[in-house]
Participant: 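Before anything else, here's the structure in question.
Whatever order the structure lists ligands and atoms in, that order sets their numbers, starting from 1. All values derive from a computational prediction rather than experimental measurement.
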Amino acid sequence: MKEVTMEKIVNMCKQYGFVFPGSDIYDGFANTWDFGPVGVELKNNVKKAWWKRFVQEDKSTYGVDAGILMNPRVWEASGHVASFSDPKMDCKKCKQRFRADNMIEEFSKGEVAAEGMTNEEMEKYIEDNNIKCPHCGSHEWSEIKQFKLMFETSRGTVEGSKDTVYLRPETCQGEYVNFLNVQRTTRAKIPFAIAQIGKSFRNEITPGNFLFRTIEFEQMELQMFCKDSDSMNIYNNYKERALNFVNDIGLPSDKLRFHDHDKLAHYAKAACDIQYKFPIGWEELNGIHHRGTWDLSRHSEFSGKSLEYLDPETNEKYIPTVIEYSIGADRLTLALLCEAFEEQELENGETREVMHFNPAIAPYKCAILPLIKKNHTDKATEVYNMLSKYFMCTYDDSGSIGKRYRRNDAIGTPYSITIDDETVNNNTVTIRDRDTMEQITLPLDEVVNYINEKILF
Ligand code: ATP
């Protein structure tokens, strides 16, 4: 099997319409990406699978869709205005900018946790170990400074008067500020969770590695509000559920691991990432954090509104503890692309590119392929119109049937349905399986059930 590199994935994505460079005709705009016709289906399916697992199938979880722009006081309460920054340093020779903590972690192969170090401690480590610029090899560093990660914009109501507002750097604040609204309207009893999927923005110092780290990305997050005495059980339960989710959706167990944090925020009791073995190495895929009562206490303090919960059975009043589970939709989509991709050598000596997606997240569930355009177009259109009411289908009538199979292998379509004389005369179709390349014949009226069973997640 050939090695999967990030470069191959980027090229595949561009060639087949998964992901294009952002603002492409203007020579791009660094580290921004646009999802194309195939990619948007893939990412939507990833988001739908997450929502189904964690909201639809969990009667204690409620969804919201909060605004990207929030009252700036939210970001004061959350601590972002004061301290959402990363330590950056510049190479004085080539002027490239780096994250000091990442450099130390990479240099020490993960042995040193730079997260908890002060700027001075990091400078000393870099000096003592003579860490060189990865770009030009020199050792002439600027001093380390904190670099603000929140994007600012302004909202002017009267000419000349401007208020600074922020593009949210995480979605979870929209869940915290709606805690009371959701609890009152749903009459939810603790423990319950609020979930949301949406865009976040971070002015990252070192964006890169394709979709892995970008300045605009989507997060799938939920906050579970609970009693402190139940919180560690709930935390451990989300670790397992989060792992099972990424495993079930297509990432194998031997490329997934827990990474428990040693250094914790002052309010936190525990924190853990799930890492996936990307082509660039083991990297964070998602986080599960025990956040204590920090978030709701701070919002109570800054908003002046009590966010206490009144337990209807015990009459006890308390600020709930929060367990957060957060995963990047784009980062997970990248992991799934890397995992699914194979350049497969066939028995006849040819190579085919294939994306072995779990059928539940495949961009198109089936391809409708009229064998001979002039004979089978009408029937193929009828089949397309019938099946596309149930799931995404793609229609392809150009080129040999072999080439059409290959194109659909490359975009991960699990079932290719050939429309031929048998379909016209007897209402039967041939269905080719993407992974085994084997074909079966089915009556047309059984196709919806056949595919629906395979794509259930
Ligand atoms: P990292 O250490 O990689 O910067 P983080 O610990 O800051 O990530 P969180 O704030 O916990 O990340 O965000 C939760 C999830 O959101 C991450 O696990 C990741 O999947 C995703 N994510 C965070 N930052 C980015 C980014 N710049 N681009 C794409 N996805 C991101």
Side-chain angles (χ1 to χ4, degrees), residues 6 19 22 30-33 35 43 46-47 50 54 75 78-80 83-88 98-106 110 113-116 147-151 167-176 195-223 235 238-239 242-243 245-246 249 251 256-265 268 270-276 278 280-291 294-295 322-338:
M6 201 63 105
V19 182
N31 301 301
T32 64
W33 302 97
F35 282 80
K43 191 161 91 159
V46 169
K47 290 188 284 184
W50 187 87
F54 290 98
W75 305 109
S78 68
H80 283 79
S83 61
F84 190 50
S85 56
D86 277 336
K88 69 126 183 109
F98 299 94
R99 260 180 75 171
D101 53 344
N102 286 353
M103 289 260 296
I104 292 173
E105 276 161 17
E106 269 160 39
E115 256 175 25
F147 180 85
K148 282 195 179 171
L149 299 178
M150 275 208 293
F151 278 107
L167 299 189
R168 68 178 176 199
E170 56 183 26
T171 50
C172 57
Q173 300 302 330
E175 290 135 71
Y176 301 139
Q196 160 162 239
I197 298 178
K199 288 253 174 174
S200 292
F201 303 82
R202 292 184 192 175
N203 199 0
E204 298 274 7
I205 298 173
T206 49
N209 286 318
F210 193 31
L211 303 175
F212 182 80
R213 189 180 301 287
T214 49
I215 52 178
E216 173 182 346
F217 53 96
E218 274 185 280
Q219 290 184 305
M220 309 189 282
E221 291 198 314
L222 65 81
Q223 316 296 317
Y235 169 80
Y238 269 107
K239 273 176 70 171
L243 187 69
F245 171 71
V246 286
I249 203 173
L251 305 180
L256 291 168
R257 68 182 187 194
F258 288 124
H259 169 70
D260 291 304
H261 291 205
D262 299 329
K263 298 246 173 188
L264 298 174
C272 171
D273 300 334
I274 291 175
Q275 296 182 331
Y276 167 70
F278 285 90
I280 50 171
W282 287 99
E283 294 287 351
E284 173 178 336
L285 193 58
N286 72 236
I288 300 115
H289 302 127
H290 184 305
R291 300 185 56 86
W294 165 259
D295 305 283
V322 167
I323 304 299
E324 171 184 64
Y325 159 41
S326 172
I327 178 161
D330 311 78
R331 200 176 279 187
L332 176 58
T333 302
L334 174 63
L336 293 164
L337 281 160
C338 295

Participant: Give me the residue, atom name and distance of the protein heavy atom closest to atom 29 (C) of ligand 1.
Facilitator: Phe212 O, 3.2 Å
Participant: So, for Tyr276 and Phe278, is the gap between ring centers shorter than 6.0 Å?
Facilitator: yes
Participant: Determine, using heavy atoms of His289 and all atoms of ligand 1, whether some pair is separated by less than 4.0 Å.
Facilitator: yes
Participant: Can you figure out which of Phe84, Tyr325, Phe201, Phe217 has its heavy atom closest to atom 25 (C) of ligand 1?
Facilitator: Phe217
Participant: Looking at ligand 1, does any of its N/O atoms fall within less than 3.5 Å of an N/O of Ile327?
Facilitator: no
Participant: Under a 4.0 angstrom heavy-atom cut-off, which atoms of ligand 1 come close to Glu204?
Facilitator: 24 (N), 26 (C), 27 (N)
Participant: What are the two closest non-hydrogen atoms of Val246 and Ile249, and how far apart are they?
Facilitator: O-CG2, 3.4 Å
Participant: So, does Asp330 sit close enough to ligand 1 that a heavy atom of it is under 4.0 Å from the ligand?
Facilitator: no
Participant: Looking at Phe212, Phe210, Phe217, which hits ring pair (Phe, Tyr, Trp, His ring centres under 6.0 Å) with Trp33?
Facilitator: Phe210
Participant: Among all protein non-hydrogen atoms, which one is nearest to atom 1 (P) of ligand 1, and what is the separation to 0.1 Å?
Facilitator: Arg213 NH1, 3.5 Å
Participant: Considering residues at least two apart in sequence or located in another chain, which fulfil the side-chain contact (heavy atoms from CB on, under 4.5 Å) criterion with Thr171?
Facilitator: Arg168, Glu175, Gln196, Ser200, Gln219, Glu221
Participant: Counting distance only, does the side-chain N/O of Glu105 pair as donor-acceptor with the main-chain N or O of Ala114 below 3.5 Å?
Facilitator: yes
Participant: For residues Glu204 and Leu149, report the shortest heavy-atom separation together with the two atoms involved.
Facilitator: CA-CD2, 4.3 Å
Participant: Tell me, which protein residue and heavy-atom name are nearest atom 16 (O) of ligand 1, and how many Å apart are they?
Facilitator: Gln219 NE2, 3.2 Å
Participant: Quick check for you: to the nearest 0.5 Å, what is the distance between Leu251 atom CG and Leu336 atom CG?
Facilitator: 5.0 Å
Participant: Using a strict cut-off of 4.0 Å, indicate which atoms of ligand 1 neighbour a heavy atom of Asn286.
Facilitator: 18 (O)
Participant: For atom 14 (C) of ligand 1, which protein heavy atom lies nearest, and how many Å away is it?
Facilitator: Ser326 OG, 3.0 Å
Participant: Which residue supplies the protein heavy atom nearest to atom 18 (O) of ligand 1, what is that atom called, and how far is it?
Facilitator: Glu284 OE2, 2.6 Å
Participant: Counting non-hydrogen protein atoms only, what is the nearest one to atom 28 (N) of ligand 1? Give residue, atom name and distance.
Facilitator: Thr214 N, 3.0 Å
Participant: Quick one: does Asp86's side chain get under 4.5 Å of Asn102's, heavy atoms only?
Facilitator: no
Participant: Looking at Phe35, is Lys43 sitting on its ring face, NZ or CZ under 6.0 Å from the six-membered ring centre and within 45 degrees of the normal?
Facilitator: yes
Participant: Just to be sure I read this right, does ligand 1 sit under 4.0 Å from the backbone of Leu285, its side chain, both, or neither, counting only heavy atoms?
Facilitator: backbone
Participant: Tell me which one of Arg202, Glu170, Arg99 gets a heavy atom nearest to atom 9 (P) of ligand 1.
Facilitator: Arg202
